[in-house]
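Remember, it's a predicted structure, so these values are computed and weren't measured experimentally. Note on naming: letters A, B, ... go to the chains in the order of the sequence lines (proteins, then strands), and numbering restarts at 1 for each one.
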Amino acid sequence: MRIATWNVNSVRARLPRILPWLSEKRPDLVLLQETKCLPEQFPAEEIEELGYNLALHGQKTYNGVAILSKQPIEDVVRGFGDEEFDGEARVIGATVGDVLALCVYVVNGQEVGAPKYDYKLRWMERLGTFLRERYDMGEKVVVAGDFNVTFDDRDIYDPDKWRDRILCSTPEREALAGILDCGLADGLRHFTDEGGIYTWWDFRTRGFQRGNRGLRIDHFLLSPPALAACRGVEVDLEARAGDKPSDHAPVVATFE
DNA sequence: ATGGTGGGTTCCCCA
C-alpha cells in the first residue's frame with residue numbers, strides 16, 4: 001500500500017498536474033492540503049473517474065483538505081470538534097482498511113511573533129490533544145500533511161539564514177515534538193539521517209530551480225504498528241518540476 | 001536584494 005501527502009496549493013488550479021500524477025503513480029491513499037475550495041467546487045468527477053473515493057473538508061479561498069482512496073473511506077472526521085479552531089478546514093481523518101489516516105494542514109504562522117504565530121502554536125497544541133484523546137497508537141495511525149515546521153537543521157538548505165525564522169523556530173519545533181509525544185515517529189527519519197531532503201521550495205525566490213533551496217515541512221508521523229509496516233518514505237521531485245507545479249512536492253510512504 | 005511568485009478574490013489576503 002502506498003500513501004501520499006501533497007499540499008497542492010489549489011486543487012482546481014493544480015488539476016492538470018494532479019490527474020496525470022494519479023494515473024501514473026496510482027497511490028492507494030492520498031491526503032491533500034490547501035485545496036482552496038468548497039466541497040461543491042471540488043473536481044470530484046475527474047478524480048472519481050480514476051478510481052478514487054473522496055472525503056472532503058473545504059472552505060472558500062483558504063485551507064481545505066481532502067482524502068482520496070481506492071478502498072472505501074469510513075468514519076470520516078472533519079476538524080477537532082472544537083469551535084475555537086474548526087472555522088478553518090485544516091483537518092480530515094478517516095479509516096481506510098486497517099489504517100487510521102489523519103490529513104493535516106498546520107497553520108503557517110506568517111512570522112515569528114505575529115498573532116498568527118501564537119495561533120499556530122496553540123493550534124499545534126490542540127492537534128496533540130486531539131491525537132491523544134481520539135487515537136489508539138496501538139493501531140496503524142498515519143498522521144500526514146503540511147506541518148509548516150522543520151524538525152531540525154537537516155531539513156533546511158541554509159540553516160543560518162533560516163535560524164529562528166518561521167518554519168524553523170525553536171517553539172515551533174518543540175510544538176512539533178509535542179505532537180509526536182503521544183507515540184508517533186517521523187517516518188522519513190526511520191530510514192535516513194541524511195540532510196538535503198526537502199518538500200517545499202519558495203516560489204518567490206525560485207528556490208527549486210536555483211539549486212534545491214528548500215525545506216522539509218511535509219511529514220509522515222507514524223504510530224509503532226504503522227512504522228513497523230513502513231518500507232520507505234520518498235519525496236516525488238518530478239512532481240515539483242515542470243509546468244505550473246505546486247510549491248510543495250508530494251511525499252509518498254510505502255507500506256507492506 | 002527584507003524582494004520576489006503564485007493562487008484566489010476583489011480592489012488585497014495568504015503563503
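- In this structure, A/N108 and A/R206 both approach DNA chain B, and ranking their closest nucleotides by distance from the 5' end singles out A/R206.
- In this structure, A/D146 atom CG and B/dC14 atom P are separated by 17 Å, rounded to whole Å.
- In this entry the distance linking CG of A/N148 with C1' of B/dC14 reads 12 Å, nearest Å.
- Put simply, A/K60 has no side-chain N or O that comes within less than 4.0 Å of OP1 or OP2 on B/dT9.
- Here B/dA15 is the nucleotide among B/dG7, B/dT9, B/dA15 with the atom lying nearest to any side-chain atom of A/K116.
- Ion pairing between A/K70 and A/D28 fails under the 4.0 Å rule for side-chain N and carboxylate O.
- Heavy atoms of A/Y105 sit under 4.0 angstrom from primed sugar atoms or phosphate atoms, though from no base atom.
- Outside the 6.0 Å centre-distance limit, the rings of A/W123 and A/Y105 are not counted as a close aromatic pair.
- Taking the side chain of A/R90 as heavy atoms from C-beta on, and the options B/dA15, B/dG8, B/dG4, the nearest nucleotide is B/dA15.
- At least one side-chain heavy atom of A/P159 sits under 4.5 Å from a side-chain heavy atom of A/R163.
- OP1 and OP2 of B/dA15 both lie 4.0 Å or more from every side-chain N or O belonging to A/R204.
- B/dT9 and B/dC13 have their P atoms separated by 15 Å, with the value rounded to a whole Å.
- B/dG4 and B/dA15 have their C1' atoms separated by 13 Å, given to the nearest Å.
- Of the listed nucleotides (B/dG4, B/dG7, B/dA15), B/dG4 has the atom at the smallest distance from the side chain of A/T205.
- Nucleotide B/dT5 holds its P atom 19 Å from the CD atom of A/E34, rounded to whole Å.
- For the OP1/OP2 pair of B/dT9 and a distance below 4.0 Å, the side-chain nitrogens and oxygens of A/T61 include at least one atom meeting the criterion.
- Atom CH2 in A/W201 sits roughly 16 Å away from atom C1' in B/dT5 (whole-Å rounding).
- Atom CD of A/Q41 and atom C1' of B/dT9 are 12 Å apart (whole Å).
- A straight line from NZ of A/K36 to P of B/dT9 spans 9 Å, rounded to a whole angstrom.
- Here, B/dG3 and B/dG7 have their P atoms 23 Å apart, quoted to the whole Å.
- Atom P of B/dG6 sits at a distance of 22 Å from the matching atom of B/dT10, rounded to the whole Å.
- Remark: P of B/dT2 and CG of A/D158 are 15 Å apart, rounded to the nearest angstrom.
- Using a 30° and 60° split on the angle between ring planes, A/W162 and A/Y157 fall in the perpendicular class, above 60°.
- As rounded to whole Å, 14 Å separates atom P of B/dG8 from atom CD of A/Q59.
- Within 6.0 Å of CD on A/E88 lie more than 12 heavy atoms contributed by other residues, nucleotides or ligands.
- Going from the P atom of B/dC14 to that of B/dT2 covers 23 Å, rounded to whole Å.
- In terms of position along DNA chain B, the nucleotide closest to A/K161 lies nearer the 5' end than the nucleotide closest to the other residue of the pair A/K161 and A/N63.
- Which of B/dG4, B/dG8, B/dT5 sits closest to the side chain of A/F203 comes down to B/dT5.
- Using a cutoff of 4.0 Å between basic side-chain nitrogens and carboxylate oxygens, A/R154 and A/E194 are not scored as salt-bridged.
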